Amino acid sequence: MAHRIKDIAAALGAEALGAADISITGVAEPAKAGPGDLALAMSERYAAGLAEGAARAAVIGPGMDWQALGLEAAIVAPRPRYAMAHLTSALDPGPQIAPGIHPTAVVDPSASIDLGAAIGPFVVIGAGVVIGRNARIASHVSIAEGTVIGDDALLHAGVRIAARVHIGHRVIVQPGAVLGGDGFSFVTPEKSRVEATRESLGKASAEEIEAQSWTRIHSLGGLRIGDDVEIGANAAIDRGTVADTVIGDGTKVDNLVHIGHNCRIGRDCLLCGQVGFAGSATLGDRVVLGGQCGVSDNIEIGSDVVAAGATKIYSNVPAGRMLMGSPAVKMDTHVEMYKALRRLPRLAKTVAELQKAVFKSGGTP
Amino acid sequence: MAHRIKDIAAALGAEALGAADISITGVAEPAKAGPGDLALAMSERYAAGLAEGAARAAVIGPGMDWQALGLEAAIVAPRPRYAMAHLTSALDPGPQIAPGIHPTAVVDPSASIDLGAAIGPFVVIGAGVVIGRNARIASHVSIAEGTVIGDDALLHAGVRIAARVHIGHRVIVQPGAVLGGDGFSFVTPEKSRVEATRESLGKASAEEIEAQSWTRIHSLGGLRIGDDVEIGANAAIDRGTVADTVIGDGTKVDNLVHIGHNCRIGRDCLLCGQVGFAGSATLGDRVVLGGQCGVSDNIEIGSDVVAAGATKIYSNVPAGRMLMGSPAVKMDTHVEMYKALRRLPRLAKTVAELQKAVFKSGGTP
Amino acid sequence: MAHRIKDIAAALGAEALGAADISITGVAEPAKAGPGDLALAMSERYAAGLAEGAARAAVIGPGMDWQALGLEAAIVAPRPRYAMAHLTSALDPGPQIAPGIHPTAVVDPSASIDLGAAIGPFVVIGAGVVIGRNARIASHVSIAEGTVIGDDALLHAGVRIAARVHIGHRVIVQPGAVLGGDGFSFVTPEKSRVEATRESLGKASAEEIEAQSWTRIHSLGGLRIGDDVEIGANAAIDRGTVADTVIGDGTKVDNLVHIGHNCRIGRDCLLCGQVGFAGSATLGDRVVLGGQCGVSDNIEIGSDVVAAGATKIYSNVPAGRMLMGSPAVKMDTHVEMYKALRRLPRLAKTVAELQKAVFKSGGTP
């Protein structure tokens with residue numbers, strides 16, 4: 001599908017320069033762009049590639065000279081990444097899921113499916129399920145009894161949604177994600193070694209605790225996922241024990257993230273790849289956790305916390321804090337500790353020299 | 001389904017107080033409980049919510065005054081979490097999987113399926129597979145040739161079980177788990193850089209090792225999963241190379257856990273979310289690894305070891321040890337080291353002062 | 001299927017000793033081997049088990065005395081693990097996927113499927129897909145529009161391949177892997193807290209940044225997977241934003257690995273279990289990352305880098321380096337720092353004693 005430069009600029013709220021009637025059909029890196037592509041040359045560094053490619057039009061940054069770059073037309077994007085959001089949205093063909101219900105789908109007669117919804121091959125929909133307006137459900141998805149899917153939701157292939165889950169509007173779920181699995185919750189008849197260890201901070205004697213097997217605590221709670229949430233490929237979010245596990249509106253969850261039972265995640269958070277929550281954690285709004293972060297159970301994390309990748313959070317965190325390290329500390333503190341650690345071997349030498357100078361005998365005083 | 005307070009108490013082996021003939025149909029947090037719910041008010045903190053809710057009956061802790069809390073009936077649970085196991089088991093409706101074999105399922109004629117088993121839509125069952133009594137297999141599960149599934153097993157939607165896997169009785173597998181994938185095992189014709197690095201502890205010269213491609217070692221071994229095991233959503237457990245990978249009876253494996261080929265895990269272990277085993281590790285019984293723990297290959301870990309979340313285990317661990325950190329050390333040692341590290345920037349300052357005082361010139365002595 | 005010792009030896013390019021006409025049907029550990037098994041006794045330690053088992057033939061290491069071990073025949077393998085690759089390849093029956101297209105598969109009429117390909121039950125193949133010669137596609141796989149699968153590829157059950165992905169020849173994909181999911185890429189209309197944090201290295205004031213929601217950057221790029229690649233169970237590899245995400249020839253990716261959008265991975269790399277790439281990283285050739293390693297976004301890692309398990313890489317790495325720790329440092333440096341850290345509590349005591357000796361008053365000088 002072709003788009004005119006002037007129309008794209010208008011959609012972005014950006015300025016169009018030059019031959020704004022030129023049409024493009026895709027976007028490309030400057031060096032690889034063909035004459036039908038809109039080159040992405042938002043910085044001088046990227047713009048250098050325009051000479052290698054054949055783009056007639058490009059998105060450029062403020063203050064760049066489009067004519068000197070050999071372009072016929074340009075769009076000036078004051079905030080390049082935000083422009084990318086609109087551009088890519090306009091050009092994304094989206095997945096092909098034929099309208100209506102595919103004849104191979106197995107749909108319980110008590111399910112309520114909006115006429116505008118698209119349901120792919122081999123989808124299984126359980127009793128009492130409600131599917132919203134224009135929802136698109138790709139092949140091999142299973143949606144168990146009592147679950148509600150909002151309007152304009154997009155569930156990619158092989159997504160597993162358990163019973164009594166509530167999914168908001170405009171939610172996108174990447175392939176293979178599991179929503180509403182049972183919580184990992186077990187108990188021993190008598191006090192277990194883990195409980196004793198926690199209570200004694202590791203000092204409980206092994207002999208005091210008898211060998212026991214684990215009994216399962218079933219998950220009677222549900223899972224509520226807000227509007228405008230995105231869930232990554234093969235992520236796993238467990239249902240609650242009694243109350244629901246909750247993911248707030250606008251929160252984005254990346255691939256292979258694990259969210260244990262009873263967690264309550266706020267709005268507009270970003271949880272990057274392979275982040276893990278042990279369970280029963282509470283997160284504020286706009287929290288950003290880099291990839292592979294971990295959060296212990298029963299932790300409270302305030303709003304606007306940002307943690308670098310692989311930060312491990314074992315205790316509560318006040319709002320607004322920037323974290324790094326394992327165990328997590330303030331970013332400043334981590335940098336200071338780490339610098340000191342790098343210098344530690346040298347420090348040890350200095351201390352040995354001092355020791356020698358002060359205690360001439362060389363022995364312990 | 002309604003349950004009388006007196007019957008629940010009897011099932012829990014707990015004491016019923018007050019109007020024990022009252023019936024409840026669910027459980028709820030005290031503040032959210034309706035008149036048909038059994039409120040969970042095992043501690044004073046939770047019991048405070050009873051005033052906000054409408055519960056007539058609650059589970060309370062020993063010594064709590066049920067009448068002062070405004071209840072008509074109460075169950076006294078001496079060990080609240082254990083009571084939860086029984087309560088939630090009684091009230092869990094379980095997944096809806098219709099009895100018999102769904103007409104869309106593709107079952108090899110040589111498979112042997114117990115008459116009491118329930119097989120969902122789009123299930124694929126290979127040659128020679130044996131499915132036990134009352135096993136429940138949800139939609140989209142695939143079970144490859146020669147695999148055995150025990151009695152009362154529950155396989156949730158989209159579980160993948162490879163060929164020649166043995167699954168015990170009463171095993172529960174959450175959606176998307178992969179059991180019996182091929183091991184990650186490759187070799188170069190001549191010594192590879194990794195081997196050289198290991199042997200020389202990182203001192204091998206890059207120039208000594210020639211560039212080579214990897215040849216695959218196929219996995220001829222199987223996977224044996226004991227009785228009463230639970231496997232989490234999207235977990236992955238590989239088959240063995242020659243001998244079987246083994247998961248002992250009663251062991252619980254959480255979401256997104258990775259267990260490499262040839263591992264031998266003992267009984268009644270808890271492996272929390274995103275734990276990873278490189279392969280060929282041996283674990284004792286009742287080992288508990290917190291979320292995101294990692295275990296190098298060819299490691300032996302004794303029984304009753306407990307590791308805090310994100311502990312990375314690079315060497316053997318004797319039985320009964322409590323671990324933390326990366327590399328893993330005893331919990332005590334970790335706390336001591338970490339405290340010293342926090343004080344390290346201050347220590348460095350002190351040493352600088354000492355240096356100045358002792359070596360007046362300020363230069364190195 | 002039976003194999004003669006002499007034929008196996010010839011295939012391995014190894015020497016056969018004794019009754020080389022004996023046939024075997026499988027391999028086994030020495031202690032568990034039956035008379036029809038080839039025992040794997042490549043080292044003296046393993047060979048000790050031969051007395052317990054009933055093997056008539058074994059693979060042994062150079063210099064071992066096969067007659068003293070009670071064998072009738074032996075194969076001498078100079079490089080045992082490489083011999084394993086050939087042995088296991090010869091003996092692996094492989095997955096049972098019937099030739100041709102299973103009648104339940106849903107194949108778009110515009111797809112082009114080689115006559116020699118095997119397509120299992122409930123497979124879904126989209127418009128314009130091309131499937132190569134002798135490709136084997138197990139049950140429940142979905143392949144979206146425009147994707148190309150090379151010759152001799154083996155896709156295990158439940159693999160999800162998105163639109164416009166290119167998979168090379170002889171690629172093996174374990175169950176549940178997701179190839180070509182959307183990238184995790186979001187932007188706020190104005191500068192977000194994360195951007196401000198990065199720019200200021202954690203010093204940005206929370207008050208300066210306004211609360212905002214995330215807008216999605218769609219993934220218009222594809223995913224290119226080279227020849228001879230293997231992808232592990234439930235791994236997730238995202239497509240690119242504009243250019244393709246690329247996995248080079250011969251690279252092996254283990255279970256539950258996460259590769260974010262725009263990554264460019266070289267040839268013959270090994271990425272072990274649960275490794276994670278935030279996105280836009282560039283890797284050289286023959287890089288080996290142990291389990292649970294993490295790589296920040298926009299990182300460049302040179303060829304022949306080796307990182308121990310759980311190494312977290314936050315900055316660029318020159319070719320040939322051996323890494324360990326979090327943040328990653330050279331293996332040597334890590335060992336030195338870690339030793340110093342272990343001795344740190346003792347060092348602190350020494351400094352306190354020095355302080356006392358030098359500043360008699362005990363106060364700060």
Side-chain angles (χ1 to χ4, degrees), chain B residues 106 122 124 126-127 140 142 144-145 158 160 162-163 176 178 181-182 184 186-189 193-194 197 201-202 206 211-220 234 236 238 241-243 256 258 260 274 276 278 292 294 296 312 314 326-327 336-337 340-341 343-344 347 350-351 353-354 357-358, chain C residues 26-29 32 40 81-82 84-85 88-89 91-92 95-96 104 120-122 139-140 156-158 174-176 228 230 232-234 250 252 254-256 268 270 272-274 285-286 288 290-292 304 306 309-310 320 322 326 331-332 338 341-342 344-345 348 351 354-355 358-359 365:
Chain B
V106 170
F122 308 127
V124 173
H140 302 97
S142 54
E145 57 276 8
R160 310 276 156 229
V178 175
D182 290 334
F184 191 71
F186 301 93
V187 61
T188 51
R193 194 163 167 71
V194 193
T197 302
L201 298 172
Q212 301 173 85
S213 293
W214 300 99
T215 303
R216 185 173 210 265
I217 296 179
H218 289 246
S219 297
L220 305 180
N234 286 342
D238 285 351
T241 306
V242 174
L256 294 164
H258 161 62
Q274 298 175 320
Q292 299 185 335
S296 291
K312 309 297 181 185
Y314 298 91
S326 172
E336 197 194 13
M337 281 164 66
L341 183 58
R343 292 187 204 115
L344 181 55
L347 186 76
T350 305
V351 172
E353 287 162 4
L354 280 165
V358 173
Chain C
V27 295
E29 297 178 325
K32 292 184 177 163
L40 301 170
R81 272 179 65 80
Y82 193 57
M84 278 296 288
T88 57
S89 174
L91 294 168
D92 186 356
Q96 288 184 8
T104 60
F122 308 127
S139 73
H140 302 97
H156 282 278
Q174 299 294 327
D228 301 299
E230 180 151 352
N234 286 340
K252 316 297 184 185
D254 200 358
N255 297 341
L256 295 164
D268 295 322
L270 286 190
C272 298
Q274 298 175 321
D285 301 329
R286 297 171 304 280
V288 178
Q292 301 186 334
D304 298 302
V306 177
M322 314 287 161
S326 172
M331 223 172 263
D332 287 3
Y338 188 70
L341 183 58
R342 287 299 297 262
L344 181 54
V351 171
L354 280 165
Q355 210 176 5
V358 173
F359 309 119

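Below, each value reflects all heavy atoms present in this structure, side chains not excepted, and no hydrogens, waters or symmetry copies. To find a chain, count down the sequence lines: A is the first, B the second, and so on, and within it residues start at 1. For clarity, every value in this text was computed on a predicted model and none was experimentally measured.
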Under 4.5 Å from any heavy atom of chain B, what part of C/Thr104 do you find: side chain, backbone, both or neither? side chain
Apply the test side-chain contact (heavy atoms from CB on, under 4.5 Å) to residues B/His258 and C/Asn234: give CA-CA distance (whole Å), side-chain angles for both, the deciding distance (0.1 Å), then the verdict. CA-CA 10 Å; B/His258 161 62; C/Asn234 286 340; over 6 Å; no
So what's closer than 4.5 Å to chain C heavy atoms on B/Glu145: side chain, backbone, both or neither? side chain
Is it the side chain or the backbone of B/Arg216 that comes within 4.5 Å of chain C heavy atoms, both, or neither? both
Checked C/Ala348, C/Gly120, C/Ser89 vs chain B; the most non-hydrogen pairs under 4.5 Å come from C/Ser89
Sorted by chain and residue number, the ring-ring contact (aromatic ring centres under 6.0 Å, His included) partners of C/His156 (sequence neighbours excluded) come out as none
Looking at B/Gln274, is its backbone amide N or carbonyl O close enough to the side chain of C/Gln274 to form a donor-acceptor pair, meaning the two atoms are under 3.5 Å apart? yes
Is it the side chain or the backbone of C/Gln96 that comes within 4.5 Å of chain B heavy atoms, both, or neither? both
Which distance, rounded to the nearest 0.5 Å, do you find between the OG1 of B/Thr188 and the CG of C/Leu270? 9.5 Å
Sort C/Leu256 into side chain, backbone, both or neither according to what part of it lies under 4.5 angstrom from a heavy atom of chain B. side chain
Could you check if a side-chain atom of B/Leu354 sits within less than 4.5 angstrom of a side-chain atom of C/Phe359, using non-hydrogen atoms only? yes
For B/Phe122, what residues pass the ring-ring contact (aromatic ring centres under 6.0 Å, His included) criterion, not counting sequence neighbours? A/Phe122, B/His140, C/Phe122
Whatever's closer than 4.5 Å to a heavy atom in chain C on B/Val124 counts as both
With a 4.5 angstrom heavy-atom cut-off, is it the side chain or the backbone of C/Gln174 that approaches chain B, or both, or neither? side chain
Counting only non-hydrogen atoms closer than 4.5 Å, does C/Val351 touch chain B with its backbone (N, CA, C, O), its side chain (CB onward), both, or neither? both
Rounded to the nearest 0.5 Å, the CG atom of C/Asp92 sits from the CG atom of B/Asp182 at a distance of 7.0 Å
Heavy-atom distance under 4.5 Å to chain C: side chain of B/Ser213, backbone, both or neither? both
Heavy-atom proximity to chain B below 4.5 Å, by part of C/Val288: side chain
Between C/Asp268 and B/Gln212, do the side chains contain a donor N or O and an acceptor N or O under 3.5 Å apart? no
For C/Arg81 and B/Phe186, indicate whether the former's side chain and the latter's backbone hold a donor-acceptor pair under 3.5 Å. yes
Residue, of B/Val242, B/Thr241, B/Leu341, that accumulates the most heavy atom pairs under 4.5 Å with chain C: B/Val242
Between C/Tyr82 (side chain) and B/Thr215 (backbone), is there a donor-acceptor pair under 3.5 Å? no
